[in-house]
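Below: one structure, written as structure tokens.
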Amino acid sequence: MPQKGYVEISVEGCKGCNLCVLHCPTNCLALNTKDTNSYGLHYAYLAEEDKCIACMNCSVICPDAAITVYKKMAA
Amino acid sequence: MKEGYELIYKRPESLLQTRMHYCPGCFHSTTHKILMEVVDELGIKEKTVGVCPVGCSVFAYDYLDVDMQEAAHGRAAAVATGIKRILPDRVVFSYQGDGDLAAIGTAETLHACNRGENFTFIFINNGIYGMTGGQMAPTTLEGQKTSTSPYGRDPEKVGLPLKMCEIVSQFKRVAFVQRVSFNTPANARKAKKAIKTAFEIQMKKLGTTFIEVASNCPSQWKCTPEESLDWLTNHVFPYYPLGVFKEPPKTKE
Amino acid sequence: MVETKLMKGNEALAEAAIRSGLQAYFGYPITPQSEVIEYLAREEPKYNYVLLQAESEVAAVNMLYGSGGAGGRVMTTTSSPGFSLMQEGISYIACAEIPCVFANIVRGGPGLGTIQPSQSDYNQATKGGGHGDYNIIVLVPNSVQEMVDHCRLAFELADKYRTPAMLLSDGAIGQMMEKVNLPEPIEYKPNKPWATTGKTPDRERNILTSLYIKSETMEEKNKILQEKYKQIIANEIRFDEYKTDDAEIIITSFGLTSRIAKKTVDIGREEGMKLGLFRPITVWPFPTKALAEIASRPQVKFFISVEMNAGQMVEDVKLAVCGQKSVHFYGRMGGIVPTPDEILDVIKEKEAGRD
């Protein structure tokens with residue numbers, strides 16, 4: 001399936017609240033539980049890139065405006 | 001940016017790059033973000049003046065790239081009244097928590113609403129005093145445990161939680177009242193639309209606009225952000241239902 | 001052109017505010033000063049100032065904070081219990097450095113007290129009044145004319161120093177009618193680049209706050225305020241002297257009682273007593289140096305502070321005199337105005353009691 005979109009999540013801007021992971025309809029986001037940012041917080045990341053559909057649920061729910069969303073342009 | 005892709009969402013410009021001090025998952029952050037998205041989308045940054053409260057959001061002016069005044073505890077509605085009366089063409093909002101708006105500042109809140117002061121209340125109701133360490137708020141639910149109601153809120157002793165949307169809807173000169181939340185993306189989108197509508201009504205000078213955010217406080221509710229959403233759904237929304245309580249009569253365009 | 005009228009003190013104050021370019025007034029009725037808001041309400045249609053009867057003095061002072069912070073020339077008036085309610089807001093306004101004007105038409109206290117004139121809010125006015133280290137400029141009118149003159153001056157000083165300024169008047173000055181010369185109205189053009197009028201692209205956002213959570217920054221803010229207060233002390237002290245040049249006994253008195261004390265000086269001099277009057281016009285900043293100089297004169301025997309309170313300004317007089325001469329006090333309380341004769345009797349007692 002062709003990739004419809006992708007997101008960039010600011011490692012330092014993320015506080016690891018997990019709300020984006022919780023509300024991602026395709027489960028493409030995950031919390032990195034093996035690493036922390038400089039604040040000592042786990043951060044969310046795009047774990048399965050090809051599943052992102054650029055629905056913006058994550059950026060809408062993200063309290064800290066840490067997520068930037070890109071969508072594949074129409075051919 | 002990858003080739004063949006377009007940017008469809010980024011942090012609003014009017015939300016400064018400063019890291020917000022709020023706890024992970026706190027709706028204060030979400031409200032700040034959405035508020036600045038609305039300011040940017042309406043193109044009203046140069047016209048916007050905000051009023052900060054006392055409470056967790058006392059430092060809101062560190063994050064919002066608009067002119068702001070810091071009010072004494074509870075007096076944001078009076079301060080906003082002063083600003084709006086002398087600068088009637090500006091878009092003015094007061095940003096207040098439940099202790100601020102519904103306890104110590106109840107008189108200022110109700111009288112501003114009764115006069116139909118033409119500014120927008122952004123009321124963050126998380127049912128607890130966050131900054132001071134989790135004490136009971138005027139909006140703490142019946143039976144809810146806080147540091148000053150360790151056995152649960154007892155209505156026999158301290159009354160029932162105040163329903164501010166329901167109260168201010170009674171005022172004739174209040175134009176728009178909506179209770180929103182950020183517990184799901186769908187509700188967050190509705191919340192943004194509500195704030196935008198409130199500002200638009202304010203710009204039309206139709207009266208007071210009042211947005212209550214049924215908010216969370218994972219730290220003082222002693223739960224994870226995810227669990228705080230469950231508390232909202234299972235306990236807060238049944239007592240504080242989301243929705244529009246009052247809106248201006250629809251006019252034919 | 002100056003206009004001459006017979007006016008009540010409170011109404012003259014209101015008219016002076018209009019002529020000084022008043023842009024907003026917020027207040028709550030309280031005796032004996034309600035004529036101010038009533039006058040402004042009557043005149044409102046002719047002008048474009050904002051007039052709002054607030055739900056309380058607490059709301060009024062915070063409306064003042066908002067509108068003054070938004071760049072307006074703004075005023076409120078009240079009387080003693082109302083001024084107590086405003087103290088929280090004045091502390092915030094002083095720290096956020098918002099220019100605005102207050103008038104306290106003092107009545108007798110403590111508590112609900114009486115509606116008769118008093119000077120018992122001297123300490124509250126001159127020592128800050130609310131929490132924290134701050135002072136506000138305090139002008140004391142002793143006539144209806146000075147209600148007018150000091151009103152204009154208070155607005156100017158408030159703007160000049162970005163600070164609250166106030167008139168400390170009393171129920172008698174507020175209520176009595178006198179001939180008054182009203183100045184030419186001015187067209188007020190504010191120049192307040194710090195005001196929260198909306199962030200334009202050419203500047204950073206303006207924030208008005210009194211919150212400095214780090215101790216170091218709070219101390220810095222305090223130092224800035226204290227430096228400002230030093231400037232005010234250096235530049236803005238005002239006082240009046242009456243027959244002090246050769247005086248042996250100096251009456252110190254402010255506001256209403258200074259008029260009575262003036263009469264006492266005249267009566268005393270007719271009887272051969274060399275009396276003089278020293279009247280502070282600003283009670284903060286207090287004319288300490290001028291009083292100290294008078295105290296150093298060899299012929300000066302003693303001071304007596306005459307006030308309508310239990311002895312408030314006398315403490316500042318003692319600090320100024322600093323032990324050079326003795327400082328006595330005579331006061332009436334509860335709204336009672338002393339007569340020249342009773343003041344003179346007390347002076348004679350003190351004179352007789354001297355070594």
Side-chain angles (χ1 to χ4, degrees), chain B residues 13-14 16 18 21 39 44-55 57-92 94 104-115 117 119 131, chain C residues 22-26 28 48-74 76 86-93 95-96 98 100 130-131 190 193-213:
Chain B
E13 276 181 17
S14 293
L16 293 162
T18 319
H21 71 281
V39 165
I44 54 172
K45 184 163 157 173
E46 291 183 29
K47 292 173 62 178
T48 302
V49 183
V51 183
C52 291
V54 172
S57 49
V58 69
F59 285 121
Y61 55 73
D62 279 346
Y63 314 128
L64 314 180
D65 193 20
V66 293
D67 279 1
M68 294 202 77
Q69 294 190 16
E70 168 61 44
H73 194 24
R75 317 299 172 218
V79 173
T81 296
I83 298 169
K84 186 71 183 191
R85 288 279 174 142
I86 205 148
L87 299 173
D89 64 335
R90 303 304 196 278
V91 177
V92 178
S94 80
I104 193 168
T106 318
E108 285 79 4
T109 304
L110 296 189
H111 283 277
C113 287
N114 187 44
R115 291 190 300 264
E117 293 294 343
F119 65 83
M131 186 182 69
Chain C
L22 180 75
Q23 292 177 313
Y25 175 98
F26 304 94
Y28 188 81
N48 61 358
Y49 54 77
V50 172
L51 175 79
L52 187 59
Q53 180 173 330
E55 60 270 28
S56 67
E57 286 89 351
V58 175
V61 71
N62 285 285
M63 290 171 184
L64 214 63
Y65 181 107
S67 56
R73 178 161 265 196
V74 298
T76 187
M86 289 183 180
Q87 292 306 325
E88 179 203 36
I90 298 171
S91 172
Y92 281 68
I93 287 170
C95 190
I98 298 170
C100 44
H131 59 284
W194 48 264
T196 60
T197 54
K199 180 192 181 296
T200 46
D202 58 335
R203 66 162 168 85
E204 289 297 303
R205 68 199 193 286
N206 284 336
I207 295 163
L208 293 171
T209 184
S210 59
L211 176 69
Y212 300 86
I213 203 94

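Chain identifiers are assigned alphabetically (A, B, ...) following the order of the sequence lines, protein sequences preceding nucleic acid strands; residue numbering begins at 1 within each chain. Treat the numbers as computed from the prediction; the structure is a model and nothing was measured.
Heavy-atom distances place the side chain of R90(B), and not its backbone, under 4.5 Å from chain C. For L64(C), no part lies near chain B; criterion is any non-hydrogen pair under 4.5 Å.
Remark: H73(B) pairs with D100(B) by the side chain to side chain donor-acceptor pair (under 3.5 Å) rule, at least two apart or across chains. Residues satisfying the side chain to side chain donor-acceptor pair (under 3.5 Å) criterion with Y92(C), sequence neighbours excluded, are absent altogether.
Contact tally against chain C (heavy-atom pairs below 4.5 Å) for V51(B), L87(B), V91(B): the top residue is L87(B). Per-residue counts of heavy-atom pairs under 4.5 Å with chain B were compared for G69(C), A24(C), A60(C), A54(C); the largest is that of G69(C).
Screening residues 50-61 of chain C for side-chain hydrogen bond (donor to acceptor under 3.5 Å, both in side chains) gives R115(B)-E55(C) as the qualifying pairs, with residues at least two apart or on separate chains.
Taking 4.5 Å as the limit, every side-chain heavy atom of R205(C) sits out of range of all side-chain heavy atoms of V66(B). Side chains of E70(B) and I207(C) form no contact here, defined as non-hydrogen atoms less than 4.5 Å apart.
Residues of residues 104-114 of chain B lying under 4.5 angstrom from chain C, judged on non-hydrogen atoms, are A107(B), E108(B), H111(B) in numerical order.
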Does R203(C) form a side chain to side chain contact (heavy atoms under 4.5 Å, CB included) with D67(B)? I'd like the steps, not just the answer. CA-CA 10 Å; R203(C) 66 162 168 85; D67(B) 279 1; 2.6 Å; yes
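Atom CG of D89(B) has more than 12 neighbouring heavy atoms from other residues, nucleotides or ligands inside a 6.0 Å radius.
Residues L211(C) and V58(B) approach most closely at CD2-CG2, 3.4 Å, considering heavy atoms. Taking both residues in full, the closest heavy atoms of I83(B) and G66(C) are given as CG1-O, 3.3 Å, listed atom of the first, atom of the second, then distance. Across all their heavy atoms, I86(B) and V74(C) have their closest contact at CD1-CG1, 4.1 Å. In terms of heavy atoms, S67(C) sits closest to G82(B) at CB-O, 3.2 Å. Between G198(C) and V49(B), the shortest heavy-atom contact is N-CG2, 3.8 Å. Here the closest heavy-atom approach between residue A59(C) and residue A78(B) is recorded as O-CB, 3.6 Å.
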